[in-house]
Amino acid sequence: MSILKYQIFGSNTVGVYLEVNNLYGLYPPTLLKSTLNNIKKVFKEPLFPLTINNSHLIGVYTVSNKYGIILPHIIRDDELESLKSNLKIVDESINISILDSIDNAYGNLILCNDKGAIISIFLKDYKKQIEDILNVETVIYEFADLNLPGSISLANNKGCVVHPLSTDDDINFIASILKIDEIDVSTVNRGIPYISSGAVANDNNGIFGQACTGPEMMRMTNILGL
């Protein structure tokens, strides 16, 4: 297992630029070679370049698990074809699907792992489609008085870190949907509650914002089993 405190494009918000699961990872193609090499030292899975309508915010616009990946309708045809070609190398059965929602920051709106998914009320009309793409039980649920479950949490198949205002009832429900044993509250980058903006992880490895404190790192890595 490997973890790294790091910056991408000079920013501690490493999670907005990367999308990683247990099969593969995606990154902006304009990363410095040294940055990409450091990311590859952490994540041993195949890593592929991607933009979303020329945007580098891969972690904001996409969400994935081992079964599928959800993309916004603004993705260009050439970007989509490039992604399909790359993921075919990993597993031809991966569902690569576009969700035609006006609210399309799916990394902020969907929290998922390989066992369950929690989505924002903004995506209520797409619940069945999301369930089919990710191939997991999917529920609409909001916690910490916010409607951005993907933004205020970070999960793998071992655990989930959630916004510090999450209640005990929230925590118990999230754990039941994601089918995990470890779940607790934390922040990233010295107190920021939007956890997925400052961290990215799969079951084995993770990258965290350079500004994360020692207690934040210890808390998150313990919960996620890294």
Side-chain angles (χ1 to χ4, degrees), residues 13 15-16 18-22 57-73 95 97-188 191-203 206 216 219-220 222-226:
T13 56
V16 306
L18 303 174
E19 173 65 20
V20 176
N21 56 47
N22 290 327
L57 303 178
I58 310 305
V60 172
Y61 280 120
T62 70
V63 68
S64 69
N65 63 9
K66 70 177 183 179
Y67 300 109
I69 180 169
I70 296 174
L71 305 162
H73 64 85
N95 295 319
S97 298
I98 293 174
L99 207 63
D100 193 22
S101 169
I102 295 175
D103 299 296
N104 59 15
Y106 299 126
N108 293 336
L109 297 170
I110 301 172
L111 166 64
C112 73
N113 60 10
D114 294 337
K115 298 181 282 188
I118 295 171
I119 66 174
S120 169
I121 190 69
F122 294 149
L123 299 177
K124 61 182 176 61
D125 295 335
Y126 302 90
K127 177 180 176 294
K128 180 62 168 63
Q129 191 175 349
I130 293 168
E131 197 164 52
D132 290 343
I133 297 168
L134 299 178
N135 193 32
V136 292
E137 177 187 6
T138 299
V139 300
I140 299 168
Y141 187 70
E142 297 178 358
F143 54 98
D145 294 324
L146 293 166
N147 47 30
L148 300 169
S151 177
I152 59 175
S153 52
L154 179 68
N156 60 15
N157 293 317
K158 299 177 181 178
C160 182
V161 187
V162 294
H163 191 289
L165 293 182
S166 303
T167 66
D168 288 344
D169 287 343
D170 291 333
I171 286 172
N172 290 334
F173 183 76
I174 294 166
S176 72
I177 297 301
L178 299 183
K179 301 172 181 62
I180 51 174
D181 295 323
E182 298 295 328
I183 181 169
D184 210 338
V185 300
S186 186
T187 57
V188 294
I192 294 173
Y194 297 95
I195 298 165
S196 68
S197 71
V200 60
N202 60 15
D203 284 358
E216 286 174 334
R219 195 169 184 83
M220 288 188 290
N222 284 344
I223 294 168
L224 297 173
L226 303 179

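Quantities reported herein were computed from a predicted structural model and do not represent experimental measurements. Along the sequence shown, residues carry numbers from 1.
- Here the straight-line distance linking atom OH of Tyr194 with atom NE2 of His163 works out to 5.5 Å at 0.5 Å rounding.
- Under a 3.5 Å cut-off, the side chain of Ser153 and the backbone N or O of Pro149 do form a donor-acceptor pair.
- The pair Asp184-Arg219 meets the salt-bridge criterion, with a side-chain N (NZ, NE, NH1 or NH2) lying under 4.0 Å from an Asp/Glu carboxylate O.
- When all heavy atoms are compared, the tightest approach of Leu154 to Ala199 is CD2-CB, 3.7 Å.
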| request: Assess whether side-chain contact (heavy atoms from CB on, under 4.5 Å) is satisfied between Leu71 and Tyr61, documenting all intermediate values. | output: CA-CA 7 Å; Leu71 305 162; Tyr61 280 120; over 6 Å; no
| task | Quick one: do Glu137 and Lys179 satisfy salt bridge (charged side-chain N to carboxylate O under 4.0 Å, His left out)? Show the steps, please. | result | CA-CA 10 Å; Glu137 177 187 6; Lys179 301 172 181 62; 3.2 Å; yes
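- Residues Thr62 and Ile70 have side chains not in contact (no heavy-atom distance under 4.5 Å, counting atoms from C-beta outward).
- No side-chain donor from either of Ser101 and Asn104 sits under 3.5 Å from a side-chain acceptor of the other.
- Pairs of residues two or more places apart, or lying in two chains, that qualify as salt bridge (charged side-chain N to carboxylate O under 4.0 Å, His left out) and include a residue from residues 127-136 are Lys128-Asp132.
- Note: Ile152 CD1 to Asp145 CG = 9.0 Å, rounded to the nearest 0.5 Å.
- Donor-acceptor pairing under 3.5 Å is recorded for the side chains of Tyr141 and Asp170.
- Within the 4.5 Å cutoff, no side-chain heavy atoms of Val200 are placed close to those of Glu19.
- Around atom CG of Asp168, no more than 12 heavy atoms belonging to other residues, nucleotides or ligands sit under 6.0 Å away.
- A 4.5 Å side-chain heavy-atom check between Leu57 and Val16 finds at least one atom pair inside the cut-off.
- In this structure a side-chain-to-backbone donor-acceptor pair under 3.5 Å is missing from Asn156 to Ala201.
- With hydrogens and angles left out, the side-chain atoms of Glu216 and Ser186 include no donor and acceptor closer than 3.5 Å.
- With hydrogens and angles ignored, the 3.5 Å screen pairs a side-chain donor or acceptor of Ser120 with a backbone N or O of Asn147.
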| task | Start with the C-alpha distance between Val162 and Ile183, add both sets of side-chain angles, then the distance that settles side-chain contact (heavy atoms from CB on, under 4.5 Å), and finish with yes or no. | result | CA-CA 7 Å; Val162 294; Ile183 181 169; 4.1 Å; yes
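- When all heavy atoms of Ala155 and Leu111 are compared, the closest pair comes out as CB-CD1, 3.7 Å.
- Of the inter-residue distances, the one linking Asn95 atom CG with Ser64 atom OG reads 12.0 Å to the nearest 0.5 angstrom.
- The backbone N or O of Asn113 lies less than 3.5 Å from a partner atom in the side chain of Asn65, making a donor-acceptor pair.
- Side-chain atoms of Ile133 and Tyr67, non-hydrogen and from C-beta on, never get closer than 4.5 Å to each other.
- A donor-acceptor pair under 3.5 Å links the side-chain atoms of Lys158 to the main chain of Gly225, judged by distance alone.
- Without hydrogens or angle criteria, Ser196 side chain to Gly150 main chain gives a donor-acceptor distance under 3.5 Å.
- The line from SG of Cys160 to CD1 of Ile118 is 7.0 Å long, rounded to the nearest 0.5 Å.
- Side-chain polar atoms of Asn202 and Asn21 form no donor-acceptor pair below 3.5 angstrom.
- Within the model, atoms CD1 of Ile177 and OG1 of Thr138 stand 9.0 Å from one another, a figure rounded to the nearest 0.5 Å.
- In this structure, CD1 on Ile130 lies 12.0 Å from NZ on Lys124, to the nearest 0.5 angstrom.
- Ile171 is listed as a side-chain neighbour of Val185, based on a closest heavy-atom distance under 4.5 Å.
- In this model, a donor atom of one side chain and an acceptor atom of the other lie less than 3.5 Å apart for Asp114 and Asn157.
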| field | side-chain contact (heavy atoms from CB on, under 4.5 Å) between Ile119 and Leu109, intermediate numbers included | value | CA-CA 6 Å; Ile119 66 174; Leu109 297 170; over 6 Å; no
| request: Walk me through it: do Gln129 and Leu99 pass the test side-chain contact (heavy atoms from CB on, under 4.5 Å)? | output: CA-CA 8 Å; Gln129 191 175 349; Leu99 207 63; 3.2 Å; yes
